[in-house]
Amino acid sequence: MNRRLWLKSTGAAVAGITLASRFVSAGTTTNPASSIPIGPVRLSLNENPFGPAPSAIAAMQANAARSCRYPITEGTQLVATIAEKEGVSPDQILLGSGSGEILEAFAAHFGGPGGEVISANPSYGQLVNAMVRKGSRAIGIPLNDAMEHDLTAMAAAVTATTQCVYICNPNNPTGTIVDSTALREFIIAVAQQVPVFVDEAYLECCDDFAANTMVGLVHKGYNVTVSRTFSKIHGLAGQRIGYGVMSAELAKSLQAGMTGGANLLGLVAAQTSLDDENYIESTRLKIKVGRDALIEVLKELGCDYAEPQGNFAFFHSGVPIAEFRPAMQAEGVIVGRPFPPYLDWCRITIGTPKEMTVAHAALRKVLG
Ligand SMILES: Cc1ncc(COP(=O)(O)O)c(C=O)c1O
């Protein structure tokens with residue numbers, strides 16, 4: 001605990017919203033669609049302010065007037081493109097309203113009383129929470145010292161009543177990635193007993209996507225599902241498009257339980273963004289530059305951090321997040337919510353260079 005910090009943050013919190021309003025233009029970027037016109041910069045939800053790709057914005061604009069039509073062909077077309085990219089057949093792809101809908105559909109299918117879902121703790125909660133709502137028991141396995149999934153402990157926790165194992169890679173909120181060879185071996189062993197779900201929402205942000213994706217194991221027929229989203233690297237969170245890659249049988253079963261349907265503009269934006277590989281790669285590099293610069297600031301401030309591979313970082317502020325959050329907000333930055341049991345750690349999303357300038361200054365002021 002940093003007492004100096006606490007004194008500063010207390011003072012800053014008193015200033016509150018008044019100070020925050022001074023940061024009205026902090027989020028403005030060269031891409032008008034991603035600007036945050038009013039208020040503090042929002043670095044709390046792992047959004048990607050570099051997106052959508054200009055080509056995807058143009059596609060949405062060009063199709064806006066067609067919004068009176070149901071998207072009959074666009075979904076099929078997107079599924080075909082995704083299937084080709086993932087190296088599986090189209091009937092192995094399930095589109096969702098964000099990847100969140102895939103997590104929910106999977107949970108609804110496998111969850112129920114008398115069994116348990118195993119995940120890391122902390123990790124992204126949507127699938128586990130949905131299974132718990134169905135009556136499953138949640139088993140949270142503490143992260144290892146590097147704040148990565150402890151695959152050995154997770155494998156050891158599997159029992160005859162385990163309903164599924166959830167792996168989030170990179171993990172949210174820590175941003176850590178698990179060793180790819182170890183994860184592959186884990187899935188090959190565990191998926192013989194229970195279904196494994198690998199959430200790769202942030203994997204396109206990492207340094208080596210190809211080496212780390214587990215989609216090849218779906219192709220090989222293992223009992224594993226991989227999810228991806230257009231919300232992160234593609235910067236299309238507001239359009240709500242994601243997908244799962246799984247066995248054709250499972251996709252058919254989950255499809256039967258889906259209640260939503262993708263929207264036209266989301267579909268055309270996703271389709272266009274997939275083709276715009278240069279833009280997506282440039283976004284990945286911008287996120288990496290922002291991540292590296294943030295780490296330098298954290299080092300300067302003497303804060304421990306988990307090795308980040310997503311579009312966010314998780315660091316040890318040394319101050320209860322319940323106090324650190326308002327202190328940062330008073331400096332014009334909204335950071336992530338509490339992630340127990342790491343209650344004096346903070347998750348912060350990588351924003352635009354302008355947003356990060358505000359964030360660095362806020363960190364230096366609150367923690368320096
Ligand atoms: C790890 C992870 N998976 C899935 C999601 C769901 O995102 P979406 O429904 O926008 O695809 C999120 C959202 O932040 C996430 O962090």
Side-chain angles (χ1 to χ4, degrees), residues 78-110 117-120 123-128 130-131 148-149 151 154 163-172 176-206 208-234 241-255 258 262 270 274 280 284 309-310:
L78 181 59
V79 164
T81 305
I82 291 170
E84 198 183 333
K85 177 174 165 277
E86 303 288 2
V88 297
S89 74
D91 58 5
Q92 291 183 267
I93 303 295
L94 186 61
L95 282 185
S97 173
S99 61
E101 192 182 13
I102 306 298
L103 300 175
E104 299 273 348
F106 186 93
H109 184 76
F110 287 102
V117 48
I118 297 171
S119 74
S123 191
Y124 187 65
Q126 191 165 4
L127 184 145
V128 169
M131 286 188 73
E148 296 162 354
H149 284 65
L151 293 178
M154 291 181 84
Q163 293 161 326
C164 90
V165 177
Y166 171 76
I167 305 278
C168 186
N169 199 41
N171 189 39
N172 182 3
T176 49
I177 204 161
V178 76
D179 177 76
S180 61
T181 306
L183 181 56
R184 211 162 277 121
E185 284 169 4
F186 171 91
I187 294 171
I188 289 169
V190 170
Q192 289 174 19
Q193 294 171 260
V194 295
V196 178
F197 192 106
V198 186
D199 183 336
E200 297 188 354
Y202 298 99
L203 198 67
E204 290 108 327
C205 302
C206 87
D208 192 348
F209 171 85
N212 286 288
T213 179
M214 293 296 132
V215 84
L217 294 179
V218 182
H219 190 240
K220 286 187 177 150
Y222 288 96
N223 190 7
V224 58
T225 295
V226 171
S227 65
R228 289 197 214 296
T229 181
F230 286 90
S231 301
K232 305 301 177 183
I233 195 78
H234 293 274
I241 308 274
Y243 64 92
V245 190
M246 60 198 82
S247 72
E249 297 72 37
L250 182 59
K252 198 170 170 196
S253 302
L254 298 195
Q255 180 73 67
M258 307 278 276
L274 273 183
I280 297 307
R284 193 185 69 77
Q309 283 288 300

How far apart are the C-alpha atoms of M214 and N169, what are their side-chain angles, what is the distance that settles it, and do they pass the side chain to side chain contact (heavy atoms under 4.5 Å, CB included) test?
CA-CA 10 Å; M214 293 296 132; N169 199 41; 5.7 Å; no

What's the shortest heavy-atom distance between [X] and [Y], and which atoms?
X: L254; Y: A105; value: CD2-O, 3.6 Å
X: N212; Y: V178; value: OD1-O, 4.0 Å
X: A107; Y: A130; value: CB-CB, 3.5 Å
X: G87; Y: H219; value: O-CD2, 2.8 Å

How far does [atom1] of [X] sit from [atom2] of [Y], to the nearest 0.5 angstrom?
X: L203; Y: I233; atom1: CG; atom2: CD1; result: 10.0 Å
X: C168; Y: Y202; atom1: SG; atom2: OH; result: 7.0 Å
X: I93; Y: M246; atom1: CD1; atom2: CE; result: 8.0 Å
X: D91; Y: Q255; atom1: CG; atom2: CD; result: 11.5 Å

Apply side chain to side chain donor-acceptor pair (under 3.5 Å) to [X] and list each qualifying residue two or more places apart in sequence or on a separate chain.
X: E204; result: none
X: T81; result: Q271
X: S123; result: N171

Take atom NZ of K252 as the centre, draw a 6.0 Å sphere, and report whether it contains more than 12 heavy atoms from other residues, nucleotides or ligands.
no

Only pairs under 3.5 Å count here: list side-chain donor-acceptor contacts from residues 183-192, not counting sequence neighbours, and write none if there are none.
{"unit_1": "R184", "atom_1": "NH2", "unit_2": "A211", "atom_2": "O", "d": "3.1"}
{"unit_1": "Q192", "atom_1": "NE2", "unit_2": "I188", "atom_2": "O", "d": "3.2"}

For a side chain to side chain contact (heavy atoms under 4.5 Å, CB included) check, start with the C-alpha distance between S119 and H149, then their side-chain angles and the critical distance, and finish with the verdict.
CA-CA 9 Å; S119 74; H149 284 65; over 6 Å; no

With [X] via side chain to side chain contact (heavy atoms under 4.5 Å, CB included) - residues at least two apart:
X: A270; value: L78, F230, I241
X: Q92; value: V88, S89, V218, A248
X: A108; value: none

Taking the side chain as every heavy atom from C-beta outward, state whether C164 and V117 have any atom pair closer than 4.5 Å.
yes

Distance-only donor-acceptor pairs under 3.5 Å for side chains of residues 220-229, two or more places apart:
{"unit_1": "R228", "atom_1": "NE", "unit_2": "E86", "atom_2": "OE2", "d": "2.6"}
{"unit_1": "R228", "atom_1": "NE", "unit_2": "Y243", "atom_2": "OH", "d": "3.4"}
{"unit_1": "R228", "atom_1": "NH1", "unit_2": "E200", "atom_2": "OE1", "d": "2.5"}
{"unit_1": "R228", "atom_1": "NH2", "unit_2": "E86", "atom_2": "OE1", "d": "3.0"}
{"unit_1": "R228", "atom_1": "NH2", "unit_2": "T213", "atom_2": "OG1", "d": "3.0"}
{"unit_1": "T229", "atom_1": "OG1", "unit_2": "S231", "atom_2": "N", "d": "2.9"}
{"unit_1": "T229", "atom_1": "OG1", "unit_2": "S231", "atom_2": "OG", "d": "3.0"}

Sequence neighbours excluded, which residues qualify as ring-ring contact (aromatic ring centres under 6.0 Å, His included) partners of F110?
F106

So, H109 side chain and S253 main chain: donor-acceptor pair closer than 3.5 Å or not?
no

N/O donor to acceptor pairs below 3.5 angstrom from side-chain atoms of residues 94-103, sequence neighbours left out:
{"unit_1": "E101", "atom_1": "OE1", "unit_2": "S97", "atom_2": "N", "d": "2.6"}
{"unit_1": "E101", "atom_1": "OE2", "unit_2": "G260", "atom_2": "N", "d": "3.4"}

Walk me through it: do H234 and I280 pass the test side chain to side chain contact (heavy atoms under 4.5 Å, CB included)?
CA-CA 7 Å; H234 293 274; I280 297 307; 3.4 Å; yes

